[in-house]
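The block underneath contains the structure these notes are about, expressed in structure tokens.
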Amino acid sequence: MTATNHSPNSRWTRQQIRAARRAPLLPLLQQRGLQLIERPAGNFELAAYKGLLLKDSYWRWPERNLAGNAIDFFVQVLGLSFHDAMRQITGSVPP
């Protein structure tokens, strides 16, 4: 089991979760060094994930029947836990 930097009783607020869902994905993924390919209508494709399209805080991957918000991307595509995804998106830990 991996150690975490927050107490077991700490939780993310609804406001933090709502903001993380709406976080723009492009800058977050660029910070991780992922290559983005510009597509029509303000969409971007991730070079490392063929067919996965991003726009603002949403993504869809039709070939795998997946889609969602910024949190979903970090959990479903990158394989992070919810708490790790929140830390990556917000740059903080729960209060």
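For reference, positions follow the sequence shown, starting with 1. All values below come from the heavy atoms of this structure, side chains included, with hydrogens, waters and symmetry mates left out.
- Scanning both residues, I71 and A85, for their nearest heavy atoms gives O-CB, 4.4 Å.
- The shortest side-chain heavy-atom distance between L46 and F73 falls under the 4.5 Å cut-off.
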Pairs under 3.5 angstrom only: tabulate donor-acceptor contacts from the side chains of residues 25-32 to other protein residues two or more places apart or in another chain.
from : atom 1 : to  : atom 2 : distance (Å)
R32  : NH1    : Q88 : OE1    : 2.8

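- Not counting sequence neighbours, the partners of R39 by the salt bridge (Lys or Arg N to Asp or Glu O under 4.0 Å) test are E45.
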Per-pair distances, 0.1 Å, donor-acceptor, side chain in residues 48-59, under 3.5 Å, sequence neighbours excluded:
from : atom 1 : to  : atom 2 : distance (Å)
K55  : NZ     : A41 : O      : 2.8
W59  : NE1    : G68 : O      : 3.4
W59  : NE1    : N69 : O      : 2.9

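- Annotation: the span from L36 atom CG to N43 atom CG amounts to 12.0 Å, rounded to 0.5 Å.
- Taking S81 as the reference, H83, D84 meet the side-chain contact (heavy atoms from CB on, under 4.5 Å) condition, with sequence neighbours excluded.
- With sequence neighbours left out, the side-chain contact (heavy atoms from CB on, under 4.5 Å) criterion links A47 to Q35, I37.
- Nearest heavy-atom pair across A23 and A70 is O-CB, 3.6 Å.
- Side-chain contact between R87 and W12: present, with at least one pair of heavy atoms (C-beta onward) separated by less than 4.5 Å.
- Partners of Q15 according to the side-chain contact (heavy atoms from CB on, under 4.5 Å) rule, which considers only residues two or more places apart in sequence or in another chain, are T13, R18.
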